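For reference, the structure discussed in these notes is given below.
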Amino acid sequence: MGLPAEMLPEIPVVSDPGLDRNAENLTKGQIAEVINRVIDRETAARFRIYLNTCVHCGLCSDACHWFLSNDRDPRFSPVGKVKQTLWEILKKKGRVDADFLKECSRIAQTECNGCRKCSMYCPFGVDIAYLLFVVRRICYQLTIVPQFLQDTVNSHAATMNQMWVKQDEWVDTLQWQEEDARSEIVTARIPLDKEGADVFYSVIAPEPKILAQLIGNIAQIMAVAKVDWTMPSQDGWDNSNMAMFAGDFEIMGRVERAHHEAALKLKAKRIVMGECGHAFRGAVYDGPKWLGWREPPVPVIHAVDFYHELITSGRIKIARKFEEPVTLQEPCNIVRGRGLGTKLREVIQATCADFRPPPEPDFEHNYCCGAGGGVINCGPPWKTSRVKGNSVKAEQLAATKAHIVITPCHNCHAGIEDIISGYKLGMHVRFLIEILMQVMEIPDELKAE
Amino acid sequence: MYTFVSGPLVWIAFIVFAGGMIYQFLSMLKMAKKDKVVLPYMSLKYGLRSLLHWLIPFASKNMRMRYETTLVTFAFHICLVLLPIFLTAHVVMFSASWGLHWVTVSEKAADWLTVLVIFAAIFFLVRRWMLPEVRFVTSASDYVLLAVVAAPFVTGFIAHRQWFDYETMVVIHMISGAAMLMAIPFTRLSHMLFFPFTRAYMGSEFGAVRHARDW
C-alpha cells in the first residue's frame, strides 16, 4: 500500500561518520535489545496510546514545513516519518538492521525540528515530535547520532557547556565584555556570583564563543535599566542543551540541573535567559520533566518577556525607532512554546518604525526556522537538505519585503541566515537585543566620554 | 441463526465492547501512572478548553483548512453514534426485550442519514486513495477498519429496503454490527475512547505548561 517507491524522487545520500561509521559494527541482536529496552522501560502511556490512536488520516501533513517545502512528498509528513521509523521497528519487534537505523536517524534527527506544530494539527493531539524523539533516543543508545551533534553533546558532558568553552575563557570573556560595555556606559558591570540578585542571567555557549558582544550588550541594557543582576563564574552559565535533542537524556538532565542549581546557589529571584528558544524549552519543559519537577525551582523567563517588561515599565526608554523595514521569525519554543507572540510584536512595535508581520501562518502556527530541534547542530553535511526543507519559510519572509528579520533565538538566527543566503533573499538577521541597543535612550550621565 | 445473532451474539458484542473499553481504560490509567509526566500535567481547565475547540466544527485552524474533510468527518461521526441508538428498528428490539423506550428518528430521516454515513465512508476511501500523504501511510488494516465501520450501515440499508434475501441480509447486518462493536476497543477504532484523553493531555501541556493554544 502507499505510493510505490519508484514514483518518489531519491533522497540524496549524505555521508556522516556519526551514522556511517558507527553503524558498521552493530549487530541485529544489539539493536533489538536496545530498541526493546527503550520501548519497554522508557515509554508508557503517551507512546502506546498515540500509536494506537493514530488513524493514519494524514491531517498532520500540512503542519510540517518539511512536507510543504519538499513538494508535499509524503515521506516528509509527520505521520510519514513515524511510518518509516517506529511502525517498521514495532512491526519487526526491533529486529531491524544498522542501515535501517541510519535511515531512522536521518529522518528523526535531521528531517524533523521537533517544533510540535503537528500536534496542533492532529485532531487527537498526538505528539508526533515526541514519537520521533523516542526514535532519537533509540538511535542515540545505539550511537547512531550525526557527528556534529554528538560533538556538542560531548562538549556538554566534558565542559558543561555546548562549545568547549573552558573555565578561564568564560571569565575572561565576561571581563573583556565588561570592559567594552564600560567604554560606552560608565556604570556597566557584569557582576559575578552575586548572591540574592533579582536576575540570574544565562546565555547559550555560542555567545561567549562567537558572539561575545551580545553579553556586552546585555551589560549595557542592565546598567541603563538599573537591574540588580548576576552571572555565575562557574558551571551552570550555559543554558543550551543539545543533549536533549540528541536523545542523551542523562546528559540533558545534568546540564539542566547545573543551570538551575547555579541560580539556586546564588539565591537568585529569577532566571532571565538570553535570546534562545531551544534553551528555554530545555530549562522550562524538557529539563524539569526529565528531572521530575513540575516547574523549574527558580522562575524562568525568556529575554523577550524581559525586554517587554523593561520597556513597558519604563526602565528603558526608546530614543528613536529603528527605521529599516523589519519582519519577524517567531521561534517555536517561545511562541508555540510560551505564547510570547503578542509580547514579541509589542517589543518590535515599540522599537521599530516599519514592522511587517509575517503573513500567515503566524503566531502559534508559524513555520519553524528549520534549524531548531538540533537539526542545525547536525552540521554542514545536512545543510543542503535543511535549507531545501524550508522553502516555505523563504517564501513567507520574501513576501514581507523587509530588509531585516528579527529572530529572538540563536537557532532561528543561524537557520534564517542560511535560508536567506540559500534563496538569495537579500535580507539580514538581527537579534532583538541588537535593535534595542540602537534605539535605547542612554541618559547623559551614564555615557562614557 | 437469526435467533443466535439477535440474542446471544448481541450480548457477546455488548459485553466484549464494554469489557474491552473498561480494560483499555484501566490499562491506559496504569500506563499513565508509569508515564511520569502525564498525570501531573493533566489540567481540567486546559484539557476541556482544548476538547471544546476540537469538538466544534471549524473551531481549529486545521479544520478550517480542510473544510470538506471537516464537514464529512463530523457528519460521519455524529450519524455513526446517534443513528444506531435512535433507529426505530433498534428501539423496537430493545422495547421487546427489556421494555425500554426512547425517541426514534423517522424512517425517512434514518434512510438519509444512513446514506450520509455510506457517502462519508466512500469519501474516506477515495481520500485515502487520492491524497499521496494519506496513501503513503495506508495499510490493508485501514481499509479493513473502514469496511468494518461501513458494513453495518450498508447492510442495514439493504435489509431495510428488502433488497436481496431479507432474512440473510438482517443476519449479515447483525453480525457486522456486532463485529464493529467488538472491534472498537481492540483496534484503532479505540480512538473513540482515547480521543478525549490524548486531546486533553495535549491541551493541558499547551495551556498549563506552555501558555499557548493548541488549535
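Just so it is clear, the model here is predicted, and its values are computed rather than measured.
The distance from atom CZ of Arg338(A) to atom CZ of Phe206(B), rounded to the nearest 0.5 Å, is 13.0 Å. Within the model, atoms CZ of Arg213(B) and CZ of Arg336(A) stand 12.0 Å from one another, a figure rounded to the nearest 0.5 Å. Rounding to the nearest 0.5 Å places OG of Ser119(A) at 7.0 Å from CZ of Arg199(B). Interatomic distance, Met65(B) CE to Leu59(A) CG, rounded to the nearest 0.5 Å: 9.5 Å. Rounded to the nearest 0.5 Å, atoms CG (Leu340(A)) and CZ (Arg210(B)) are 13.5 Å apart. Between the CG atom of Asp305(A) and the NE2 atom of His211(B) there is a distance of 10.0 Å, given to the nearest 0.5 Å.
Of the two parts of Phe124(B), neither the backbone nor the side chain holds a non-hydrogen atom closer than 4.5 Å to a non-hydrogen atom of chain A. Of the atoms belonging to Arg294(A), heavy atoms from both backbone and side chain fall under 4.5 Å from chain B. Interface remark: Trp215(B) contributes backbone atoms only to the contact with chain A (heavy atom separation under 4.5 Å). Heavy atoms closer than 4.5 Å to chain A are found in the side chain of Val38(B), but not in its backbone. Neither the backbone nor the side chain of Trp290(A) comes within less than 4.5 Å of any heavy atom of chain B. Only the backbone of Val335(A) has a heavy atom closer than 4.5 Å to any heavy atom of chain B.
When Pro123(A), Gly339(A), Gly292(A), Gly341(A) are compared by the number of non-hydrogen pairs under 4.5 Å with chain B, Pro123(A) comes out ahead. Contact count versus chain B (heavy atoms, under 4.5 Å) is highest, among Arg48(A), Arg72(A), Glu295(A), His365(A), for His365(A). Per-residue heavy-atom pair counts under 4.5 Å with chain A were compared for Thr69(B), Val37(B), Leu29(B), and the maximum is reached by Val37(B). Note: Met28(B) leads Met63(B), Met28(B), Lys36(B) in heavy-atom pairs under 4.5 Å with chain A. Interface remark: of the candidates Gly58(A), Gly80(A), Ala63(A), Ser77(A), Gly80(A) forms the most heavy-atom pairs closer than 4.5 Å to chain B.
With sequence neighbours left out, Arg46(A) forms a side chain to side chain donor-acceptor pair (under 3.5 Å) with Asp35(B).
Side-chain contact between Ser60(B) and Tyr121(A) is absent, with no heavy atoms from C-beta onward closer than 4.5 Å. A heavy-atom distance below 4.5 Å is found between the side chains of Arg127(B) and Cys57(A). Considering only heavy atoms from C-beta on, Tyr41(B) comes within 4.5 Å of Lys289(A) through its side chain. In this structure, Gln84(A) and Phe136(B) have side chains that are in contact, with non-hydrogen atoms separated by less than 4.5 Å.
Dense packing is recorded around CH2 of Trp102(B), with more than 12 heavy atoms of other residues, nucleotides or ligands lying under 6.0 Å away. No more than 12 heavy atoms of other residues, nucleotides or ligands shown are found within 6.0 angstrom of CD on Glu10(A). The neighbour count for Trp112(B) CH2, taken as heavy atoms of other residues, nucleotides or ligands under 6.0 Å away, does not exceed 12. Within a 6.0 Å sphere centred on CG of Asp40(A), other residues, nucleotides and ligands contribute more than 12 heavy atoms. Atom OH of Tyr67(B) has 12 or fewer heavy atoms from other residues, nucleotides or ligands within 6.0 Å. Heavy atoms of other residues, nucleotides or ligands lying less than 6.0 angstrom from CZ of Phe58(B) number more than 12.
Across all their heavy atoms, Asp142(B) and Val55(A) have their closest contact at OD1-O, 4.0 Å. In terms of heavy atoms, Pro132(B) sits closest to Pro74(A) at O-CB, 3.7 Å. When all heavy atoms of Ala44(A) and Met31(B) are compared, the pair lying nearest together is CB-O, 3.5 Å.
Contact check on Glu42(A) versus Lys34(B) returns no salt bridge, with no Lys/Arg side-chain nitrogen under 4.0 Å from an Asp/Glu carboxylate oxygen. The pair Arg116(A)-Glu205(B) meets the salt-bridge criterion, with a side-chain N (NZ, NE, NH1 or NH2) lying under 4.0 Å from an Asp/Glu carboxylate O. Ion pairing of Glu133(B) with Arg75(A) is absent here, as no side-chain N (NZ or NE/NH1/NH2) approaches a carboxylate O to less than 4.0 Å.
The ring pair (Phe, Tyr, Trp, His ring centres under 6.0 Å) pairs that include a residue from residues 39-88 of chain A are His56(A)-Trp87(A), where partners are two or more places apart or lie in different chains.
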